[in-house]
Chemist: 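Would you mind keeping the following structure in view while I ask a few things?
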Amino acid sequence: MAQTCTTAAAAARRVLRDMQDSYVLESDEDCTFSSDESGEDTKEDAAEDVYDEDLENIAPASKKARYQHCQQSLSWKTESDADAVPPTLRFLPAREPGVQLSMRDSHSPASLFKLFFAEDAVNTICQNTNKQAARNKGKGAKYKWVDVGAAEFYRYIGLIFYMAMMKLDHITDYWRRDSIFSVLFPSQVMSRDRYRTISWNVHMSDPEEDREDDAKKGSSDHDRLFRVKPLIYTIQNACKSFYHPHRCLAVGERVARWKGAKGFKLFVLTDSSNGYTVDFSVYTGRDNVPTGQGLSYDTVMSLINRRFLGSGYHVYMDNFYTSPKLFKDLLACKFGACGTYREFRRGCPRSAVNDLTDKSPRGTYRWIRDGRLLFVKWMDTQPVSVCSTIHTAYTGDTLRKKVKSKRGAWTTQAFPCPSPVMEYNKVLGGVALSDRLIQYYATQHKTLEWYRKLFLHLLDISATNAYILHKELMQQDGLTYKAFMEELIAELCGVTQNTPMTPANTASGAHVPVLGAELSTDIRMKATAGRKTCVYCRMHGRKQAKTPWKCRACDVYLCLQPDRNCFEAWHSDGN
């Protein structure tokens, strides 16, 4: 036994010496990247890869033989082999981690949300929305339009969040009257037609500049995100300005889908401790890879901003992103990394010597250390492969799992679990936590315009991050997510939660007949000026009569005659 311990200790010292020899401490300003190799190889490409840089000038036949020899020499270590603890990266964040706001000030839900959707940004959206509406009216749109301002637009956003919490099948259902399924609040904020016309025209970029960008389609100068770039930059800067993440970060993807509509993908960087979205990028296609290293490599490197973050962070990711090339380059910038990996990726060990098999018992693990890169395989119900630059192979951790006996009884057993697997399971929940928070009250509208879908998702990111700031500021005294959203909706709409909403108030305060147009001074036009077709008559197949009267809340023309009261019939039918 003593001889075995001595041998293991000597092996550990040799591994540590090899790691220290291979690890060069760079200056704070420089990031020295490894050789130019992609992390997104196919299984066929991987067979032709070269394991070390000294093989570049060797003939192809001997290259392959030398590569296979290198792979065979890296045999998998077992539980009895000791691994060394890698050198620790000093954690040097650019700012104190946490909320970058004064704890002494009071922060309401609306004030926190407006950190992301500030009035300047909303004013810009209003200007572009008004331009888009004028453009559509010029093309022949038949709806009535009055320019929208910031106060009304915040009420519009409040209604969007209200509909996310009170989900009904159709937008028109929120303005139904005289039904047991009626909701009273939306009609108090704005009319149905006003809400719909704003939704049709909401625009983040200047419509005139849109046409210039559309003319560039098919060329490299075309910007696929041009219509949402102004708002994306605003939200990204706000995410970074008002919060600094803690040490463990998670990189993942988020697919935003709507019922009956195709979704889109975002790559996100989150604080794993609370799910705060630190940064994000919108996927626009595999052609837009600036370094040529592949989508997964470029995604991570674009999200990891050293000037903003500092150094010493630990970045966790799944097997879509993990590659030895990426991990080495992150380490050169003083970022540790851990993630599951695909075995056919370039630089990953493919040695079968002492590897796990399908018959390996649950809890068995194997590992290989290649300098700072640690590759671990652990047998759960199926093999789990993890790569890390910040962990040692095993530190005595166990994971409790439910196991079914041959007789069908379930029991809980503890299995040895390698350190990278344990930490990966703990930390990568940050992406899942962020996704869960957003999906609780996700805004869902059926719209044909992709940039309006993205606008709605940016609202979700802003509201979720505002809630996380609230929780960090208030600690134990914070609101639940549901209570936070309810208060946010009330503040955006300019009401209090205890405002009484009764059908009587609704009918007397909003749904009243008003003249659709000013009466003409020309006595010959007094009988016909401002008249339009009655909507109720048209819907029910009657002779289409014209009327000067319309409902102020519904903004539809309705007959109001002693022998034909379509105004009353329209509202009694639930419209």
Side-chain angles (χ1 to χ4, degrees), residues 79 83 85-91 93 97-98 243-254 267-279 300 303-304 309-322 326-327 330-331 335-342 362-367 369 372-403 412-439 464-465 468 471-472 475 481:
E79 295 88 342
D83 187 22
V85 179
T88 302
L89 290 171
R90 284 201 306 161
F91 183 43
Y243 181 83
H244 201 80
H246 297 87
R247 186 168 199 177
C248 292
L249 303 172
V251 175
E253 63 186 52
R254 182 182 300 147
F267 298 109
V268 295
L269 178 70
T270 62
D271 185 330
S272 65
S273 66
N274 53 25
Y276 183 92
T277 301
V278 179
D279 199 2
V300 176
L303 292 174
I304 304 300
L309 292 170
S311 62
Y313 277 87
H314 294 171
V315 187
Y316 291 77
M317 61 199 76
D318 63 25
N319 59 24
F320 173 74
Y321 307 95
T322 303
L326 173 63
F327 277 28
L330 286 174
L331 190 61
F335 287 93
C338 177
T340 55
Y341 70 90
R342 301 171 182 176
R362 195 171 184 178
T364 306
Y365 66 88
R366 298 288 185 268
W367 61 274
R369 181 170 290 283
R372 283 296 297 268
L373 292 176
L374 171 67
F375 300 91
V376 172
K377 287 186 179 182
W378 180 63
M379 178 60 73
D380 192 12
T381 53
Q382 58 185 5
V384 178
S385 302
V386 178
C387 180
S388 175
T389 60
I390 52 179
H391 298 107
T392 188
Y394 183 67
T395 57
D397 295 316
T398 58
L399 197 62
R400 299 183 68 81
K401 294 274 189 176
K402 287 187 176 181
V403 179
T412 302
Q413 296 182 16
F415 297 97
C417 186
S419 299
V421 179
M422 286 289 292
E423 292 302 312
Y424 177 85
N425 288 335
K426 291 178 184 177
V427 173
L428 209 67
V431 173
L433 174 60
S434 177
D435 292 345
R436 285 199 304 273
L437 287 173
I438 285 179
Q439 289 304 316
T464 303
N465 276 2
I468 294 172
K471 291 289 289 184
E472 293 285 322
Q475 299 299 323
Y481 193 22

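Since we're looking at a predicted model, the values are computed, not measured.
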Chemist: Assess whether atom CD of Gln382 is packed by more than 12 heavy atoms of other residues, nucleotides or ligands within 6.0 Å.
Modeler: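 Counting other residues, nucleotides and ligands, CD of Gln382 stays at 12 neighbours or fewer.
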Chemist: For Ser419, does its backbone N or O pair with a side-chain atom of Asp397 as donor and acceptor, under 3.5 Å?
Modeler: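 No, because the side chain of Asp397 does not come within donor-acceptor range (under 3.5 Å) of the backbone of Ser419.
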Chemist: For the atom pair CG (Asp83) and NE2 (His391), what is the distance rounded to the nearest 0.5 Å?
Modeler: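 Nearest 0.5 Å value for the CG-NE2 distance: 12.0 Å.
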Chemist: Once rounded to the nearest 0.5 Å, what's the spacing between atom CD1 of Ile468 and atom OH of Tyr243?
Modeler: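 If I round to the nearest 0.5 Å, the distance is 7.5 Å.
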Chemist: Identify the two heavy atoms, one from Cys338 and one from Pro420, that lie closest to each other, and give their separation to 0.1 Å.
Modeler: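 Nearest heavy atoms, Cys338 then Pro420: SG-O, 3.8 Å.
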Chemist: Fit a plane to each ring of Phe375 and Tyr341, take the angle between them on a 0 to 90° scale, and name the class: parallel (under 30°), tilted (30 to 60°) or perpendicular (over 60°).
Modeler: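 Geometry flag for Tyr341 against Phe375: perpendicular rings.
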Chemist: Looking at side-chain heavy atoms only, is the closest gap between Phe327 and Cys387 below 4.5 Å?
Modeler: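 When only atoms from C-beta onward are counted, Cys387 and Phe327 do touch, with a gap below 4.5 Å.
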Chemist: Going by side-chain contact (heavy atoms from CB on, under 4.5 Å), Leu249 matches just one of Leu303, Leu309, Val427, Thr270. Which one?
Modeler: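 Exactly one pass, corresponding to Leu309.
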Chemist: Do Trp378 and Val386 pass the side chain to side chain contact (heavy atoms under 4.5 Å, CB included) test, and can you show the C-alpha distance, the side-chain angles, and the key distance before you say yes or no?
Modeler: CA-CA 8 Å; Trp378 180 63; Val386 178; over 6 Å; no
Chemist: How long is the span from the OG atom in Ser273 to the NZ atom in Lys426, to the nearest 0.5 Å?
Modeler: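 Here the rounded value is 14.5 Å.
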Chemist: Quick one: do Val300 and Met317 satisfy side chain to side chain contact (heavy atoms under 4.5 Å, CB included)? Show the steps, please.
Modeler: CA-CA 9 Å; Val300 176; Met317 61 199 76; 4.3 Å; yes
Chemist: OH/Tyr365 to SG/Cys417 distance, rounded to the nearest 0.5 angstrom?
Modeler: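 Output value for this atom pair is 10.0 Å.
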Chemist: So which heavy atom on Ile390 is nearest to which on Gly336, and how close?
Modeler: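 Shortest heavy-atom separation between Ile390 and Gly336 comes out as CG2-CA, 3.4 Å.
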Chemist: Given 3.5 Å as the limit, does a donor-acceptor pair link the side chain of Thr389 with the main chain of Ala337, or not?
Modeler: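 The answer is yes, because a donor-acceptor pair under 3.5 Å joins these two groups.
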Chemist: Locate the shortest heavy-atom distance separating Val315 from Ile304; write the atom from each residue and the value.
Modeler: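 Smallest interatomic distance, heavy atoms only, reads CG2-CD1, 3.9 Å.
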Chemist: Indicate the ring-plane relationship of Phe267 and Phe320, choosing parallel, tilted or perpendicular according to the 30° and 60° boundaries.
Modeler: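 Because their plane-to-plane angle is under 30°, the rings of Phe267 and Phe320 count as parallel.
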Chemist: Donor-acceptor pair, distance only, cut-off 3.5 Å: does the side chain of Asn465 make one with the backbone of Thr277?
Modeler: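 Yes: the side chain of Asn465 pairs with the backbone of Thr277.
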Chemist: Kindly give the heavy-atom pair with the smallest separation between Thr364 and Glu79, and that separation in Å.
Modeler: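 Scanning both residues, the minimum pair turns out to be CG2-OE2, 3.3 Å.
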Chemist: Quick one: does Phe415's side chain get under 4.5 Å of Val403's, heavy atoms only?
Modeler: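 The answer is yes, as the side chains (C-beta and beyond) meet within the 4.5 Å cut-off.
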Chemist: If you take all heavy atoms of Arg247 and Gly312, which pair is closest and at what distance?
Modeler: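 For Arg247 versus Gly312, the nearest heavy atoms are NE-O, 2.8 Å.
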Chemist: How far does CD of Glu423 sit from SG of Cys248, to the nearest 0.5 angstrom?
Modeler: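 Spacing of CD (Glu423) from SG (Cys248) equals 7.0 Å.
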Chemist: Can you find a heavy atom in the side chain of Tyr313 that is under 4.5 Å from one in the side chain of Leu89?
Modeler: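 Sidechains of Leu89 and Tyr313: no contact.
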Chemist: One pair to check against side chain to side chain contact (heavy atoms under 4.5 Å, CB included): Arg362 and Asp380. What are the steps and the verdict?
Modeler: CA-CA 5 Å; Arg362 195 171 184 178; Asp380 192 12; 2.9 Å; yes
Chemist: Looking only at non-hydrogen atoms, find the nearest pair between Ser385 and Lys377 and report the distance.
Modeler: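 That closest heavy-atom pairing would be OG-CG, 3.7 Å.
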Chemist: Distance check, rounded to the nearest 0.5 Å: Lys402 atom NZ versus Arg400 atom CZ?
Modeler: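 Answer for the NZ-CZ pair, Lys402 versus Arg400, is 11.0 Å.
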Chemist: Test side chain to side chain contact (heavy atoms under 4.5 Å, CB included) on Tyr316 and Ser272 and set out the steps.
Modeler: CA-CA 9 Å; Tyr316 291 77; Ser272 65; over 6 Å; no
